[in-house]
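Just below is one structure, and these are the notes that go with it.
A note on names: the letters A, B, ... follow the listed sequences, proteins ahead of strands, and every chain is numbered from 1.
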Amino acid sequence: MADIKTHLRELSVIAGILYTISEKNINELYQMHPKDFFKYLSSKISNDISNASNITYLPDFNNYKSIMCNGINLGKKIVDLGIVDDYTKIYWLGSDSQKNDPVDLKVGNTGFSLKEESYILENMGLYKYLNTMTNSKFERGLHIFENFAEAEYAKWFEYTWNSMLGWLKTNNNIWSLTKNDKTSEIKIVNSEVQFIINGTVISKLPNRNISVKEYIEHTDSKSREKVFSKWINSKFKKDKKYIDLKNICSQKAGSELCNYISRNYNPVGLARFLQIYENGYYYAKTTEKDIEIYYVPSISEFEKDIEIDKIEYSIPKSQLNIITTVKNKITGNSLEFRNECRFSHGQFNGTPEAKMYYGRNTDLSDIYEKKY
DNA sequence: GTCCGAGGGTAATTGCAGTT
DNA sequence: AACTGCAATTACCCTCGGAC
């Protein structure tokens, strides 16, 4: 992610490695001007890191010391564990978000996937999850609600749309929200609903009950994300019936999805699902509390004593989660993974994703080799 | 604990105008 | 009607953390 904090943490890992192997005083790093820190790392890293240059806009590192500290400590730990055999080439790959593996950092031939507080393992599309578990050939764009709960999705949308029209009628036919100097507005002008960004009408819709299909036709991803979704977020997301209809939609989609999986079950992609790729790499997590480092085996090293126990769906409140339980046949331990089927850029905007997380009680040492 | 939005990068697809 | 080259838009992916 192109967030300053993530950049700083990932670069700090590299700085921690470099300072540890050259036995320099790590405290110097915190005192450096961000521009000098960036310049130093640019000279030591073998590929272009200009995507991380936003850290140079910081006046100093005073408010970011704990982030740097987490990264530096991880770098030091990586050196201390002696898992790297060649420090001459270092690559930062954190900005390359669509490559085929999760490696953010490569030191010599050793890859690292770096994490912070997040429990996310992969941000996958639903098509990828289904192909993994059923050997189907779904393609990008598979929409959990449109494909598995069409009628319920339509009702959820129509209630939301009509509620927005009702809300506007009792609020002088206008809604407006300004954040970071950007203004989103909705106006009703006679028979027209206008979606407006910074004073420009970017979508015009009919002032009547419309289907989700008509809604998509009359809008684009920007007006959906910045206008309608923002209205929902600011005015409507706690509406009980809205949540109920979403829950019903999730129930239907979850049940249909699990039916499909059980009819076509063939978990050809289990290793891939567990983030096991052609080459082994290290999964390294650094937080305020501790450091965790696991070796994730390559596909050829991967032991076949891992099996899928069950696939279920779960809807704690209204969001559909697919729960994949995996069992280690040797230890008898179960691991739980959850794919959150949800919109990522605003409600009713784009294709929902199937973001994959591991459970807080899931011990990764049942699938990976714990190094620290 | 759950929901889900913040933000931003790249790949893939679609749209379109002007040819063949 | 099929093609082509480019522009525009969407889809996907990466990740973290705030609100409740």
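- Considering only side-chain N and O atoms, N349(A) lies nowhere under 4.0 angstrom from the phosphate OP1 or OP2 of dT10(C).
- Taking the nucleotide of DNA chain C with the nearest heavy atom to each of S113(A) and D220(A), the more 5' of the two is matched to D220(A).
- In this structure a side-chain-to-backbone donor-acceptor pair under 3.5 Å is present from S211(A) to E214(A).
- OP1 and OP2 of dC14(C) both lie 4.0 Å or more from every side-chain N or O belonging to Y357(A).
- No hydrogens or angles were tested; on distance alone, nothing pairs the side chain of H7(A) with the base of dG8(B) as donor and acceptor under 3.5 Å.
- Between K222(A) atom NZ and dG7(B) atom P the separation is 13 Å, expressed in whole Å.
- The shortest distance between the side-chain N/O atoms of S221(A) and the OP1/OP2 oxygens of dT10(C) is below 4.0 Å.
- Taking the six-membered ring where the residue is Trp, F157(A) and Y215(A) present tilted rings, their angle falling between 30° and 60°.
- Remark: P of dC16(C) and CZ of R342(A) are 14 Å apart, rounded to the nearest angstrom.
- A sub-4.0 Å separation between OP1 or OP2 of dC4(B) and a side-chain N or O of K246(A) is present.
- Atom CG of L320(A) and atom P of dC4(B) are 12 Å apart (whole Å).
- When each of G125(A) and Y119(A) is assigned the nucleotide of DNA chain C bearing its nearest heavy atom, the one mapping closer to the 5' terminus is G125(A).
- Between F273(A) and F337(A), the ring planes lie perpendicular to each other; the angle is over 60°, past the 30° to 60° tilted range.
- Closest approach to the R224(A) side chain among dT10(C), dG17(C), dT2(B) is made by dT10(C) (side chain taken as heavy atoms from C-beta onward).
- OP1 or OP2 of dT15(C) lies within a sub-4.0 Å distance of a side-chain N or O belonging to K115(A).
- Rounded to a whole Å, the OH atom of Y358(A) is 10 Å from the P atom of dC16(C).
- Applying the 4.0 Å criterion to OP1 and OP2 of dC13(C), one finds that K128(A) has a side-chain N or O inside that range.
- One interatomic measurement links the two molecules: NE2 of H345(A) to C1' of dT10(C), which rounds to 11 Å at whole-angstrom precision.
- A straight line from CG of N247(A) to C1' of dT2(B) spans 13 Å, rounded to a whole angstrom.
- Contact between the side-chain N/O atoms of K355(A) and the OP1/OP2 oxygens of dG5(B) is not found at any separation under 4.0 Å.
- Put simply, the side chain of K371(A) does not reach to within 4.5 Å of the side chain of Y283(A), judged on heavy atoms.
- Put simply, Q347(A) has a side-chain N or O that comes within less than 4.0 Å of OP1 or OP2 on dG5(B).
- Nearest nucleotide to the R140(A) side chain, out of dA11(B), dC16(C), dC3(B): dA11(B).
- Distance from the side chain of R9(A) is smallest to dT15(C) among dT15(C), dC4(B), dA6(B).
- The 5' end of DNA chain B is approached more closely, in terms of each residue's nearest nucleotide, by Q319(A) than by the other of Q319(A) and S344(A).
- Among the atoms of the strands shown, only primed sugar atoms or phosphate atoms (P, OP1, OP2) are found under 4.0 Å from some heavy atom of E122(A).
- Rounded to an integer number of Å, the gap from N70(A) CG to dG17(C) P is 10 Å.
- The side-chain tip of K24(A) points at the ring of Y19(A) from less than 6.0 angstrom away and within 45° of straight on.
- With hydrogens and angles disregarded, a donor-acceptor distance shorter than 3.5 Å links the side chain of N207(A) to the backbone of N190(A).
- Regarding K237(A), its NZ atom lies at a distance of 8 Å from the P atom of dC4(B), rounded to whole Å.
- Counting only heavy atoms from C-beta on, E116(A) has its side chain closest to dG17(C) among dG17(C), dC3(B), dC13(C).
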